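Both backbone and side-chain heavy atoms feed into the values below; hydrogens, waters and symmetry mates do not. Every chain is numbered from 1, with letters handed out A, B, ... down the list of sequences. If you're wondering where the values come from, they're calculated on a predicted model, not measured in any experiment.
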2 protein chains.
Amino acid sequence: MLITQEREDYLKIIYKLQQSESPVRTNSIARAMGIEPASVTGVIKKLSEIKLLDYRPYKGVTLTPAGEKVALEVIRHHRLIELYLVEALGYSWDEVHDEAEHLEHVVSDRFEDRIAEMLGHPELDPHGEPIPTKDGVIAETSTQALSSLSAGDRAVISRVEDEDGDLLRYLAQLNLRPGASVEVLSVEPYGGSIHVRVDGKSETVGQEAADGVFVDLE
Amino acid sequence: MLITQEREDYLKIIYKLQQSESPVRTNSIARAMGIEPASVTGVIKKLSEIKLLDYRPYKGVTLTPAGEKVALEVIRHHRLIELYLVEALGYSWDEVHDEAEHLEHVVSDRFEDRIAEMLGHPELDPHGEPIPTKDGVIAETSTQALSSLSAGDRAVISRVEDEDGDLLRYLAQLNLRPGASVEVLSVEPYGGSIHVRVDGKSETVGQEAADGVFVDLE
DNA sequence: CGGCAGAGTTAGTGTACCCTAATTCTGGTA
DNA sequence: TACCAGAATTAGGGTACACTAACTCTGCCG
Ligand SMILES: [Mn+2]
Ligand SMILES: [Mn+2]
Ligand SMILES: [Mn+2]
Ligand SMILES: [Mn+2]
């Protein structure tokens with residue numbers, strides 16, 4: 001088998017890192033995968049041999065079109081599965097990520113198609129992240145963090161980071177969900193809390209939490 | 001990781017082979033797994049080291065209680081998933097086996113519990129095979145093949161073999177499904193076809209297909 | 001009960017990941 | 001520009017599973 005579950009995760013992570021760093025460095029991949037940089041070198045060499053990555057030693061990697069295709073397929077699986085778990089099986093949004101992390105590698109095309117159809121070919125996952133289409137088209141996604149706003153700014157939450165269940169439970173408590181309108185009331189200096197109005201209620205958001213909430217400014 | 005997806009499949013297959021052979025021989029495992037006997041030896045040694053198998057060199061293996069527990073968990077996953085795919089996602093009974101073969105190793109306890117609940121804690125999978133309970137209790141299953149019956153016998157189909165999609169499509173055409181009542185009209189000698197009445201219609205069943213259909217005699 | 005066929009194991013190889021330790025490269029700073 | 005810290009790679013080792021080829025054991029049969 002040329003493409004294993006681990007390799008799919010490498011490609012997925014490289015895709016995500018590429019949004020903010022290109023070429024993607026060995027150390028970034030190692031950090032994201034939770035393994036040692038030395039281990040990454042071997043794998044990215046192999047992935048470049050099979051033409052899924054372009055690898056420039058000591059510089060980093062970029063996805064080839066073929067590699068990007070694989071990455072987007074895995075991301076599509078992941079996000080469709082997350083949404084399916086919420087909609088069809090009653091999961092809460094903080095429980096779906098870990099389950100999807102495993103399922104994404106084993107579901108068939110038929111499974112993917114069936115749940116996509118049942119969900120009405122959705123465009124967003126439970127965290128507001130765009131779901132790539134079957135032919136690899138993915139919507140742009142906001143990179144403006146709530147933590148970067150200033151007093152008086154109004155914005156709509158577009159997505160939240162989904163890897164940390166604790167963060168998601170915290171955000172749910174505050175009603176900070178994709179689609180919610182927020183108005184920044186005040187910002188404490190030097191990385192302090194942010195005071196916002198959400199759903200008419202005023203709430204205090206920790207700065208680190210606000211780093212994981214992305215918005216579209218109005 | 002002590003227990004990999006491959007090892008789960010070994011244990012599952014050994015569980016099934018144990019129904020008709022004990023201890024289970026290296027060659028049987030190799031045939032069922034589609035690999036060489038030499039490869040099996042190494043794996044069963046490791047599985048006996050970690051106390052999931054009792055291994056007597058040159059004789060074969062038996063599951064320890066711990067090994068049987070793992071096997072039954074995997075089988076529970078497999079059969080629940082098969083039924084879920086049919087009931088919730090509109091799969092036909094010939095499509096579910098391959099999908100379940102992969103999913104069985106990655107679903108969480110939560111997933112298992114949710115689909116079991118949604119299905120009403122079912123006792124049989126789409127092929128009539130019993131689903132072990134969460135604490136490892138499994139119903140007896142018929143071992144009387146349709147091919148072993150004689151003219152005049154009446155029986156109810158209890159289960160069919162689920163690994164061969166072609167066989168399942170063939171059986172579906174003939175309405176040979178679990179629960180169906182059959183009456184043997186005649187049997188051609190020397191492994192010939194079997195003529196049966198199913199749902200009031202008379203049908204001819206190939207002998208090899210009849211080997212994969214198990215019944216309870218009336 | 002000796003011999004032999006077939007079953008099973010061992011030996012040696014290869015791929016896929018992972019690790020630590022040692023070495024080399026790179027890019028920015030003095 | 002020479003140096004150095006940090007980044008990256010290489011070297012060497014380990015586990016998990018596959019394979020083929022060679023050897024050994026077992027059980028049956030004459
Ligand atoms: Mn994954
Ligand atoms: Mn998500
Ligand atoms: Mn399996
Ligand atoms: Mn089945």
Worksheet item: Would you call D9(A) and K12(A) a salt bridge, taking side-chain N to carboxylate O under 4.0 Å as the test?
Response: yes
Discussion item. Before you tell me yes or no, could you show the steps for L47(A) and V61(A) under side-chain contact (heavy atoms from CB on, under 4.5 Å), namely the whole-Å CA-CA distance, both residues' side-chain angles and the distance that decides it to 0.1 Å?
Written reply: CA-CA 10 Å; L47(A) 287 172; V61(A) 294; over 6 Å; no
Item to complete: For Y58(B) and dT10(C), give me the distance from atom OH to atom P, rounded to whole Å.
Response: 6 Å
Worksheet item: Within less than 4.0 Å of OP1 or OP2 of dA8(D), is there a side-chain N or O belonging to N27(A)?
Response: yes
Worksheet item: Under the 3.5 angstrom rule, does the side chain of R79(B) hit a backbone N or O of D125(B) as a donor-acceptor pair?
Response: no
Fill in: Between dA8(D) (P) and R25(A) (CZ): distance, integer Å
4 Å
Worksheet item: To the nearest Å, how far apart are L2(B) CG and dG14(D) C1'?
Response: 14 Å
Discussion item. What is the separation between atom CD on E36(A) and atom P on dT10(D), rounded to the nearest whole Å?
Written reply: 17 Å
Practice prompt. Report yes if a side-chain nitrogen or oxygen of R7(A) is closer than 4.0 Å to either non-bridging phosphate oxygen (OP1 or OP2) of dA16(C); otherwise report no.
Written response: yes
Worksheet item: In whole angstrom, what separates R56(A)'s CZ from dG27(C)'s P?
Response: 9 Å
Item to complete: Would you tell me whether H121(A) and E117(A) have side-chain atoms, one donor and one acceptor, within less than 3.5 Å of each other?
Response: no
Worksheet item: Any side-chain N or O of K46(A) under 4.0 Å from OP1/OP2 of dC17(C)?
Response: no
Practice prompt. Using a 4.0 Å heavy-atom cut-off across all strands, classify T26(A) as base, sugar-phosphate, or nothing.
Written response: sugar-phosphate
Fill in: Phosphate OP1/OP2 of dT10(D): any K45(A) side-chain N/O under 4.0 Å
yes
Fill in: Distance below 4.0 Å between S39(A) side-chain N/O and dC19(C) OP1 or OP2
yes
Worksheet item: Between T41(A) and dT10(D), is there a side-chain N or O to OP1/OP2 distance below 4.0 Å?
Response: no
Discussion item. Rounded to whole Å, please give me the gap between CD in E49(A) and P in dT15(C).
Written reply: 10 Å
